[in-house]
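Structure record follows, encoded as structure tokens.
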Amino acid sequence: MFQGMEYIYEVYKERSFSRAARNLYISQPSLSATVKRIETRVGSPIFDRSTTPIGLTECGKKYIECVESILAIQNSFQNYLGDLGGLKTGHLSLGGTHLFSSYVLPPLIGRFTKAYPQVTVDLIEENSANLELLLMNGSLDLVVDNSRFNETLFSHRLYQPEHLLLAVPSSFAINQSLQAYRLPGDHIRRGIHLEDGIPSVPLEAFRDEPFVFLKPENDTRHREMALCRKAGFSPRIILELDQQVTAYNITGSGMGISFISDTLARHIPPHPHVTYYKLDGPESCREIHFYWKTGKYVSKAMEIFLETSMPRTPGTAT
């Protein structure tokens with residue numbers, strides 16, 4: 001019944017026969033014929049071909065649910081075999097948002113694969129909500145995120161604390177009256193901004209300025225709004241974006257103020273057209289965790305990756 005399920009699953013993931021065929025290195029007609037044979041064997045269509053992109057029938061939804069269960073079981077057994085072989089084989093699936101997939105996970109993966117070159121590592125970039133779903137259905141082993149996942153469903157280990165900073169276009173006149181609060185970019189990279197003697201900027205000074213915020217479902221957005229409300233004003237939002245990196249680049253172009261994490265600021269060079277400020281209050285602080293599904297077999301690859309990923313000195317990145 002599930003022979004050839006990898007073809008079905010690839011079409012499901014890509015929502016396209018043509019893209020799935022390219023990924024599988026077969027022709028589209030061949031893939032279409034294979035899918036049709038499987039649907040005939042199942043006795044019901046799996047895909048609703050009347051929608052764009054292609055969707056699933058009710059039967060298809062159940063088929064995919066079963067496939068994901070099978071893949072989770074296969075992955076769990078493969079990890080077990082990897083343990084038996086002393087990590088001479090194995091597989092590790094990691095997930096993160098754009099920020100973590102671009103700047104945090106690559107050096108951690110590099111360190112791990114250098115020590116265990118025969119363990120294959122996959123990296124999936126998604127938003128936090130989708131990462132939680134992928135972790136739940138077994139498609140991912142570990143996720144690193146600064147959002148709080150459901151603690152009844154997921155176990156976690158602290159990676160490091162994170163602090164929000166204010167990024168302001170240097171061309172804004174308001175910077176002239178706040179010179180005492182300016183935070184040099186190299187101070188962020190060296191962790192000096194965390195010292196008690198570094199003053200936090202009075203956020204209310206920016207009440208009349210334009211802001212670039214992340215979209216409402218993002219944890220950073222909730223904190224942005226809370227910080228502004230605590231400062232006694234409702235921000236004038238000119239753009240709502242998905243990614244912190246994009247918001248930061250918009251700030252660099254001179255359009256508006258953004259809230260960025262020191263995680264981002266430490267991993268990229270200081271922008272020549274951005275002025276940085278430290279923020280105060282519990283809303284500006286959060287924790288980055290590694291998450292995995294509670295009850296999942298924690299493979300040796302997962303265990304060692306977590307151990308080798310911990311920051312080597314407090315307050316620094318990797």
Side-chain angles (χ1 to χ4, degrees), residues 6 9-10 12-15 19 23 64-65 67-79 82 87 90-113 116 119-162 214-215 217-221 241-246 261 263-264 267 286-311 317-318:
E6 64 273 17
Y9 200 62
E10 193 64 29
Y12 159 70
K13 288 192 299 181
E14 292 294 337
R15 298 294 195 270
R19 289 196 298 270
N23 294 347
I64 292 299
E65 181 183 323
V67 168
E68 288 179 336
S69 296
I70 292 169
L71 292 175
I73 293 169
Q74 288 178 339
N75 187 50
S76 178
F77 187 65
Q78 186 178 24
N79 286 333
L87 290 185
H91 179 259
L92 190 62
S93 296
L94 306 172
T97 60
H98 176 74
L99 171 62
F100 295 112
S101 295
S102 299
Y103 301 106
V104 174
L105 285 172
L108 302 183
I109 293 171
R111 186 189 306 169
F112 178 81
T113 55
Y116 303 98
V119 178
T120 60
V121 179
D122 291 334
L123 175 58
I124 303 298
E125 180 182 309
E126 275 287 358
N127 61 44
S128 296
N130 286 341
L131 289 171
E132 194 167 351
L133 290 173
L134 291 170
L135 202 59
M136 188 65 196
N137 68 28
S139 298
L140 290 174
D141 296 316
L142 294 169
V143 164
V144 60
D145 205 275
N146 52 25
S147 297
R148 295 294 292 181
F149 285 14
N150 188 327
E151 294 188 9
T152 64
L153 300 176
F154 303 103
S155 302
H156 59 87
R157 182 181 295 184
L158 176 66
Y159 172 57
Q160 65 181 30
E162 181 178 63
L214 298 189
K215 290 184 178 177
E217 62 271 16
N218 196 290
D219 179 75
T220 299
R221 169 61 174 265
L241 302 167
D242 289 309
Q243 301 294 341
Q244 187 183 138
V245 178
T246 310
S261 65
T263 303
L264 174 63
H267 283 84
R286 61 188 172 193
E287 295 178 335
I288 302 169
H289 288 92
F290 279 101
Y291 291 96
W292 63 96
K293 185 179 178 182
T294 298
K296 176 183 175 68
Y297 170 67
V298 179
S299 69
K300 189 173 182 180
M302 291 170 63
E303 183 180 331
I304 291 178
F305 184 85
L306 287 169
E307 290 175 358
T308 59
S309 295
M310 293 303 104
T318 57

| request: Using ring-ring contact (aromatic ring centres under 6.0 Å, His included) as the criterion, list what pairs up with His289, not counting sequence neighbours. | output: His156, Tyr291
| request: Could you tell me whether the side chain of Phe305 reaches within less than 4.5 Å of the side chain of Ile109, counting heavy atoms only? | output: yes
Taking [X] for the side chain and [Y] for the main chain, is one N or O donor matched with an acceptor at less than 3.5 Å?
X	Y	answer
Thr113	Gly110	yes
Ser101	Gly96	yes
Ser102	Leu99	no

| message | Please list all pairs meeting salt bridge (Lys or Arg N to Asp or Glu O under 4.0 Å) that have one or both residues in residues 291-309, counting only residues at least two apart or in different chains. | response | Asp141-Lys296
| task | List in chain and number order the residues that pass side chain to side chain contact (heavy atoms under 4.5 Å, CB included) with Gln74, two or more places apart in sequence or in another chain; answer none if no residue qualifies. | result | Met5, Ile70, Leu71
| message | Please tell me whether Asp219 and Ser147 have a donor and an acceptor in their side chains that are separated by less than 3.5 angstrom. | response | no
| query | Going by atom types alone, do Arg286 and Ser261 pair a side-chain donor with an acceptor below 3.5 Å? | reply | no
Please find the pair of heavy atoms, one from [X] and one from [Y], that lie closest to each other, and give the distance.
X	Y	value
Thr263	Gln160	OG1-NE2, 4.2 Å
Leu264	Tyr103	CD1-CE1, 4.0 Å
Tyr9	Glu68	OH-OE2, 2.9 Å

| Taking Phe290 as the fixed residue, which of Asp145, Val143, Leu94, Leu108 is the one that meets the side chain to side chain contact (heavy atoms under 4.5 Å, CB included) rule? | Leu108
| request: Look at atom CZ of Phe77 and say whether more than 12 heavy atoms of other residues, nucleotides or ligands are closer to it than 6.0 Å. | output: no
